[in-house]
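Every number for a ligand or one of its atoms is a count from 1 in the order of the listing.
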Amino acid sequence: MIVATAGHIDHGKTLLVKALTGVDADRLPEEKKRGLTIDLGFAYRHFADNAVLGFVDVPGHERFVRNMLAGVCGIDFALLIVAADDGPMPQTEEHLAILDLLGVSVGAVALTKTDRVPPDRALEAMEEIELIVDGTTLEAAPVFPVSSITGEGIPELRTHLEEQAQAIAARPNAGNFRLAVDRTFTISGAGLVVTGTVYAGKVAVGDRLLLSPAGLPVRVRGIHAQDRQSEAGQAGERCALNITGAEIDKDSVHRGDWVLAENAHVPTRRADAMIRILKSEPRSFRHWTPVHFHLAAAAATGRVAILEGGSIPPGETGLVQLVLDEPIGALTGDRFILRDQSAKRTIGGGRIIDPLSPARGRARPQRLLLVNAMAHPEPVTALSEVLALTPGGVDLNCFAQSRNLAPNEAEALWETVDMVRLGGARDAVGIERAAWDGLRDAIVEALRVWHQARPDQPGPEEDRLRRTLPRATTPTVFSAALLGLLSEKRIARDGVYLTLPGHRAVFSDTDTALWQKVEPMLSEHGLRPPRVLEIAEEIGLDGRATERFLARMARAGMLARVADNRFFLPETLLKLAQIAENMAEAAPDGSFSAGAYNKQSGLGRNLAIQLLEFFDKSGFSRRTAEGRILVAAAQEIFG
Ligand SMILES: Nc1nc2c(ncn2[C@@H]2O[C@H](COP(=O)(O)OP(=O)(O)O)[C@@H](O)[C@H]2O)c(=O)[nH]1
Ligand SMILES: [Mg+2]
């Protein structure tokens with residue numbers, strides 16, 4: 001169990017940790033000189049059955065609340081310390097508010113310096129404590145009167161802590177590994193060491209992790225878990241990791257970084273959250289207020305966009321988007337604290353809902369519905385509601401990542417929720433069954449409408465059809481829907497075009513009449529079709545109109561446009577491709593030159609080159625240093 005102290009400066013936090021563990025947690029020379037805690041201190045007490053109490057001693061001075069925040073993140077148990085002579089003071093209340101906002105609900109109060117006051121003053125102080133904890137997560141916390149000087153009450157408090165350590169179930173080590181770095185140092189011989197509280201998952205010697213938000217790879221060379229050398233560490237423990245990485249040194253790792261599994265690496269500057277403004281705030285919290293943002297051991301400046309109502313009154317909650325000046329690592333459910341622009345006062349705090357929120361449309365009604373759905377702490381409920389609100393499909397990898405689900409946990413969730421799953425491991429999408437059926441029907445209907453509007457054309461290409469759908473659909477979802485419809489023969493493919501089964505391009509009477517004249521002209525010319533202008537002269541149309549007509553026929557698949565002024569019949573193309581095939585077969589290395597092809601086909605130099613380039617584009621041939629080789633069968637491409 002990890003215990004953090006909290007409370008006003010000079011109320012006896014550090015001396016109490018020493019009385020409980022024998023360790024003086026003030027470790028910096030300046031702290032010793034001034035008798036004042038500046039940064040976090042750490043102490044451990046090992047007791048029965050390998051159980052360990054880990055203490056994080058925090059500074060009480062108002063200037064070091066930032067360090068205090070890094071110390072109380074991820075702890076199990078809060079030890080609020082109040083001196084009997086002073087009673088509650090400003091940082092007693094601020095620290096208590098912070099613990100409340102972070103949701104720390106297990107703890108105790110130590111009433112220190114009882115040796116300095118008469119018994120009735122101690123009783124009075126206890127009443128004052130009762131008043132301030134009322135309505136907070138620590139309202140039921142027991143109070144222990146102690147003196148760290150005489151030792152009075154210390155055994156009772158220690159016993160209580162040890163009992164709590166046994167009673168509090170070990171945190172499940174679910175999720176991908178995340179350690180919030182609160183200290184870094186180097187040890188000669190071992191190298192770089194980072195310490196911190198493990199938020200989730202587990203770690204073992206040899207693991208490959210990332211330094212986040214920078215995204216630099218590291219490897220774990222050694223582990224100390226709860227102050228003892230270990231092969232592994234897990235959620236709820238304080239760990240020291242000896243890490244190495246080609247791209248890191250002691251200057252690249254700082255308090256506030258995460259060391260985590262790749263799946264938990266989500267650097268973000270924009271996150272949706274639910275916040276609560278402290279009752280003690282003098283006025284309503286306004287839109288776009290500049291703040292100091294603290295999540296785990298990290299701190300960043302930024303602004304808060306209020307998504308509903310324009311402002312949040314003291315004591316009230318509201319949906320917001322946090323817009324940060326630099327990226328931090330945040331995941332759904334992470335608690336955080338907001339302090340004012342000059343970092344003098346805690347304003348409120350909250351819980352991350354979506355760490356990957358969009359820049360645009362953050363307050364649109366549809367988006368707010370989605371944020372509210374994502375706010376459900378239960379993944380099954382959240383995903384079911386998000387699916388219902390997202391007929392275009394939900395990016396399952398994003399969902400699993402933002403909730404820090406390990407691969408097997410994600411898989412179990414996908415199995416539990418009723419949805420259609422599409423795509424591969426990298427682009428997995430979930431879609432509600434009704435939305436999926438609706439999409440498939442919409443595709444068939446879109447094709448019908450397309451054919452009706454353009455009876456002389458074969459059908460749209462894949463991407464065109466996707467863009468005509470009434471609802472935005474990602475390529476992953478659309479391709480999966482097409483594949484299903486094709487295999488069920490509800491739609492068909494005609495080259496690159498999609499059609500309804502049995503659809504044939506039907507031409508207008510004029511086009512049909514023109515085609516009856518042009519088609520024989522083209523076939524009479526053998527392998528070398530006439531130019532557009534020659535055709536125009538023959539059929540008595542102007543060049544432009546003739547070209548438009550021929551292009552229409554090409555779109556319908558009746559012709560292929562090989563050059564600006566030359567259209568080929570499919571059967572002519574096939575014959576020309578077969579000539580190339582014979583040449584390639586006869587050549588020892590399978591290649592042939594443009595010059596040789598010109599001689600064989602009799603097309604003329606320019607047209608031969610244009611045709612070979614057309615072959616390349618069609619995926620029939622490819623240029624090499626020697627000339628050209630064939631990459632597909634003529635029949636397959638032009639048959
Ligand atoms: N008489 C008495 N003095 C105490 C007690 N606890 C702490 N002190 C003194 O109060 C001062 C501040 O203690 P410290 O532990 O540094 O307070 P912190 O700022 O809360 O960490 C020191 O001079 C301590 O010796 C106590 O129980 N009784
Ligand atoms: Mg101290």
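Of the candidates His8, Lys13, Gln91, Lys13 brings a heavy atom nearest to atom 18 (P) of ligand 1.
Given atom 7 (C) of ligand 1, the protein heavy atom at minimum distance is Leu15 CD2, 3.4 Å. Counting only heavy atoms of the protein, atom 17 (O) of ligand 1 lies nearest to Gly12 N, 3.0 Å. The protein heavy atom nearest to atom 3 (N) of ligand 1 is Ile149 CG1, 3.6 Å. Annotation: atom 10 (O) of ligand 1 to nearest protein heavy atom, Lys113 NZ, 3.2 Å. When hydrogens are left out, the protein atom nearest atom 16 (O) of ligand 1 is Thr14 CB, 4.1 Å; that is the closest non-hydrogen contact. Nearest non-hydrogen protein atom to atom 22 (C) of ligand 1 is Asp10 OD1, 4.8 Å.
Atoms of ligand 1 lying under 4.0 Å from any heavy atom of Arg116, numbered from 1 in the order shown and given with element: 1 (N). When each atom of ligand 1 is checked for a heavy atom of Ser147 under 4.0 Å away, the hits are 27 (O). Listed by number with element, the atoms of ligand 1 under 4.0 Å from a non-hydrogen atom of Asp115 are 1 (N), 2 (C), 26 (C), 27 (O), 28 (N). Within the listing of ligand 1, atoms 26 (C), 27 (O) sit less than 4.0 angstrom from a heavy atom of Ser148.
Near the Mg ion (ligand 2), less than 2.8 Å away, sit the protein N, O or S atoms Thr14 OG1, Thr37 OG1.
The shortest heavy-atom distance from Gly60 to ligand 1 is not under 4.0 Å.
A side-chain hydrogen bond (donor to acceptor under 3.5 Å, both in side chains) with Asp354 holds for exactly one of Arg270, Gln321, Arg367; it is Arg367.
Checked for salt-bridge contact, Glu281 and Arg276 miss the test: no charged N lies under 4.0 Å from a carboxylate O. With respect to the salt-bridge test (charged N to carboxylate O, under 4.0 angstrom), the residues Asp24 and Lys32 qualify. Under a 4.0 Å N-O distance rule, the pair Glu31/Arg27 does not qualify as a salt bridge. Note on Glu237 versus Arg228: no salt bridge recorded, every NZ/NE/NH1/NH2 to OD/OE distance being 4.0 Å or above. Between Arg121 and Glu124 a salt bridge is recorded (basic side-chain N to carboxylate O distance below 4.0 Å).
Close N/O approach between Leu16 and ligand 1 is not found [any backbone or side-chain N/O within under 3.5 Å].
Side chains of Val23 and Phe42 form no contact here, defined as non-hydrogen atoms less than 4.5 Å apart.
A donor-acceptor pair under 3.5 Å links the side-chain atoms of His61 to the main chain of Arg63, judged by distance alone.
Contact between Leu40 and Pro59 at its shortest, heavy atoms only, is CD2-CD, 4.2 Å.
Using modelled atom types and a 3.5 Å distance limit, the side chains of Glu94 and Gln91 yield a donor-acceptor pair.
Using bins of under 30°, 30° to 60° and over 60° for the plane-to-plane angle, the ring pair Tyr199/Trp258 lands in the perpendicular bin.
Counting non-hydrogen atoms of neighbouring residues, nucleotides and ligands closer than 6.0 angstrom, the CZ atom of Arg208 reaches no more than 12 such neighbours.
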